[in-house]
A.B. asks: 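Submitted below is the structure of interest, expressed as structure tokens.
Numbering starts at 1 and runs along the sequence shown.
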Amino acid sequence: MSIGEGPRTGAELFAGRDDVVVVRVDGQLKDLDQPIGEGAEVEPVTLEEPDGLMVLRHSAAHLLAQAVQEVDPDAKLGIGPPITDGFYYDFDVAEPFTPERLRQLEKVMTRLAAQGQTFRRRAVSDDQARQELADEPYKLELIGLKSQSAEAGEGASVEVGAGELTMYDNLRRDGSQAWKDLCRGPHIPTTKLIRKGAFKLLRSAAAYWRGDERNRQLQRIYGTAWANAEALKDHTERLAEAERRDHRKLGAELDLFSFPEEIGSGLAVFHPKGGIIRQEMEEYSRRRHIEGDYDFVYSPHITKARLYELSGHIDWYADAMYPPMRVDEERTADGHVKRQGQDYYLKPMNCPMHNLIYAARGRSYRELPLRLFEFGTVYRYEKSGVVHGLTRARGFTQDDAHIYCAKEQMRDELASLLGFVIDLLGDYGLNDFYLELSTKNPDKYVGSDEVWREATRTLEEVALASGLELRPDPGGAAFYGPKISVQARDAIGRTWQMSTIQLDFNMPERFGLEYTAPDGSRQTPVMIHRALFGSIERFFAILTEHYAGAFPTWLAPVQARAIPVSAEFEGYLSDVVGRLKARGVRAEVDQSDDRFGKKIRNAAKDKIPFTLIAGAEDAAQGAVSFRLRDGSQNNGIPVDEAVARIVDVIERRVND
């Protein structure tokens, strides 16, 4: 809808539509009571849309803060943004929040919401904001950082930006002010839309102010809010299912991996069973990369600082790198430096080392595209508050490829690469995808705007040609170039960022990479960064949760377990297992002292794909009985047929 003469607010334009909570004006969300300029394009936004839910959750965060300060007037306010499926708010309080206090706060929120308070936006000067928020030290700090909101920390953008400061008042029906907060908005028109039974406070946790562990530790309350109670119920059930599938829980139960305290936070060790799964994942990936004409390379785990100065990582990525190690310094007996030492870094990225491999000798256009591939372990200093099992680790192995090609080869190579990525992810059982295009962060990039425009346009055209849904991610690119990321939905509908494909015109120039063109001239190649799994560890976690630990047979650490009805049939089943092992099947006989029923339950608990059972009748017929993970059972299957069936499922890589 284009605005001409007449109504000038969203409330007037969509009068009578109770489902509209905010409007989108020329692509920007606005409160319903805000004026709209002539000629603007206006769209209604409802609670059925992601943007509508985001605004609802932001408003619920404000209502939570209002409730906290009603119960505890001494509580100081931090930041309260909406997040995926919910919201949080940080508070400086004397005591951590308990489950009982969260239940009390929910009741207060319900009472406040029922009052039908309205959210009213007003612009304020810096001085006025400081005067009104004189008792809120964290808000005062944000006011001072408003022109540097990118550095203000996580969630700060919902409160301050580079433009004017705004406050939101919660007004009672008589127009009196019930509460206020520093905020950029927008908000829902009334608290009545935060409906009883459609929101919930989930948990509390400690969180450092502005996400910096050097700052004071605050108390964070997480919550969720939905359009209605039924949607909240569905979400709660999804959370329960996600908890059941949590890879950290399953990793311990299935003896796959652990995080020894002696090694350090975010640094995993894989146990034998987890090692088998990881080996299968990597071996199949290696085979597919060989078929795709990739060359395998290897690089060390540490390097001199100069390499990452050249690549730009120390300028743009230093906060995520481990501190340097100063080595090779020599001193005299009296302590004077005789020989200067050098700084070495644990590598956070493989790409600079791959550039050195490319640059080791002259290159011809006949070698392009040159596809270098490495399972390269990297180390990144993630803050302790964000480390999360295998999905956010400090040491992990990337299935990292860097493709060097001529500019005229770039489009075809990107299209081929995207197809390769989608096909290979499908081989592991992920088939529901969409794409995201991450564009330049105006505060964090290298290279010319012209180069960025060309790179972004090319990626967008390739993504659209794939036929997959493409969503924007403004400002989400790495400093050296835009990227496409493949987003995959798992078995319970959650979205995970998987493969990333990044186009880079800048790093080849920084490293002076060249090739000899057909006309004899020296040209600079285009560089494509590609991590297919993201990291082996993270992909391992995603598959663990996708399959709820019941890995497909080709990945399962134990593919078949034989259980004798009684000890006298152990020898018979040992022969069957021997035949399976001869065909490459990971099989074993349960020779424990447990009773037969307990052995069956153990096989189910261990999520064994094929449980083979044999008693007198099976042995007499040269057969076994199959018990599958779904509880079904097939009796009297001849051993030859049983072996063939298991081998067939493995070789076809069935992902059921």
A.B. asks: Run the salt bridge (charged side-chain N to carboxylate O under 4.0 Å, His left out) test against Lys233 and tell me which residues pass, sequence neighbours left out.
C.D. replies: Glu237
A.B. asks: For Lys200, give me all partners under salt bridge (charged side-chain N to carboxylate O under 4.0 Å, His left out), at least two apart in sequence or on another chain.
C.D. replies: none
A.B. asks: What residues form a ring pair (Phe, Tyr, Trp, His ring centres under 6.0 Å) with His546, not counting sequence neighbours?
C.D. replies: none
A.B. asks: Could Glu95 and Arg101 be called an ion pair, given the rule that one side-chain N must be under 4.0 Å from one carboxylate O?
C.D. replies: no
A.B. asks: Say you draw a straight line from CG of Asp181 to OG1 of Thr166; how long is it, rounded to the nearest 0.5 Å?
C.D. replies: 10.0 Å
A.B. asks: With side chain to side chain contact (heavy atoms under 4.5 Å, CB included) as the criterion, how do Arg111 and Glu70 come out once you've worked through the C-alpha distance, each side chain's angles and the decisive distance to 0.1 Å?
C.D. replies: CA-CA 12 Å; Arg111 173 172 54 79; Glu70 179 174 305; 2.2 Å; yes
A.B. asks: Crowded around Glu243 CD? As in, over 12 foreign heavy atoms under 6.0 Å?
C.D. replies: no
A.B. asks: Quick one: do Asp92 and Lys76 make a salt bridge, cutoff under 4.0 Å?
C.D. replies: no
A.B. asks: Return the set of residues passing salt bridge (charged side-chain N to carboxylate O under 4.0 Å, His left out) with Asp255 (not counting sequence neighbours), or none when no residue passes.
C.D. replies: none
A.B. asks: Check the surroundings of atom CG in Asp630: do more than 12 heavy atoms from other residues, nucleotides or ligands lie under 6.0 Å from it?
C.D. replies: yes
A.B. asks: Side-chain atoms of residues 103-110: list all donor-acceptor pairs with protein atoms under 3.5 Å, sequence neighbours left out, distances to 0.1 Å.
C.D. replies:
| unit_1 | atom_1 | unit_2 | atom_2 | d |
| --- | --- | --- | --- | --- |
| Glu106 | OE2 | Leu201 | N | 2.8 |
| Thr110 | OG1 | Glu106 | O | 2.9 |

A.B. asks: Show every ring-ring contact (aromatic ring centres under 6.0 Å, His included) that has at least one partner inside residues 100-144, sequence neighbours left out.
C.D. replies: Phe119-His187, Tyr138-Trp209
A.B. asks: Provide the full list of ring-ring contact (aromatic ring centres under 6.0 Å, His included) pairs with a residue in residues 213-232, sequence neighbours left out, each pair given once.
C.D. replies: Tyr88-Tyr222, Trp226-His235
A.B. asks: My understanding is that only residues two or more places apart in sequence, or in another chain, count here; which of them pass ring pair (Phe, Tyr, Trp, His ring centres under 6.0 Å) with Phe91?
C.D. replies: Tyr89, Phe97
A.B. asks: Let me see the working for Lys30 and Val42 under side chain to side chain contact (heavy atoms under 4.5 Å, CB included), right down to the final yes or no.
C.D. replies: CA-CA 10 Å; Lys30 275 197 170 189; Val42 183; over 6 Å; no
A.B. asks: Would you give the length of the straight line joining atom CZ of Phe533 to atom CZ of Arg538, rounded to the nearest 0.5 angstrom?
C.D. replies: 12.5 Å
A.B. asks: Taking ring pair (Phe, Tyr, Trp, His ring centres under 6.0 Å) as the test, write out the residues that go with Tyr322, two or more places apart.
C.D. replies: Tyr381
A.B. asks: For Asn170, does its backbone N or O pair with a side-chain atom of Lys180 as donor and acceptor, under 3.5 Å?
C.D. replies: no
A.B. asks: Applying the side-chain hydrogen bond (donor to acceptor under 3.5 Å, both in side chains) test to Glu545, which of Arg494, Arg245, Arg248 qualifies?
C.D. replies: Arg494
A.B. asks: Which residues satisfy the side chain to side chain donor-acceptor pair (under 3.5 Å) test with Arg122, sequence neighbours excluded?
C.D. replies: Glu132, Asp169
A.B. asks: Any donor-acceptor pair under 3.5 Å linking the side-chain atoms of Ser176 with those of Asp174?
C.D. replies: yes
A.B. asks: Inspect the contact between Asp33 and Arg121 and indicate whether a charged nitrogen and a carboxylate oxygen are less than 4.0 angstrom apart.
C.D. replies: no
A.B. asks: A side-chain contact here means heavy atoms from C-beta on lying under 4.5 Å apart; do Thr495 and Arg489 qualify?
C.D. replies: yes
A.B. asks: Quick one: ring pair (Phe, Tyr, Trp, His ring centres under 6.0 Å) partners of Phe199, sequence neighbours excluded?
C.D. replies: none
A.B. asks: Who passes salt bridge (charged side-chain N to carboxylate O under 4.0 Å, His left out) against Lys249, sequence neighbours left out?
C.D. replies: Glu253
A.B. asks: Just checking, any donor-acceptor pair under 3.5 angstrom between side chains of Ser485 and Gln487?
C.D. replies: yes
A.B. asks: Rounded to the nearest 0.5 Å, how far apart are CD of Glu12 and CD1 of Ile36?
C.D. replies: 8.5 Å
A.B. asks: Salt bridge or not for Arg238 and Glu241, using N-O below 4.0 Å?
C.D. replies: no
A.B. asks: Tell me if the CD atom of Glu230 is crowded by more than 12 foreign heavy atoms within 6.0 Å.
C.D. replies: no
A.B. asks: Ignoring hydrogens and angles, state whether a donor on the side chain of Gln497 or Glu436 is under 3.5 Å from an acceptor on the partner side chain.
C.D. replies: no
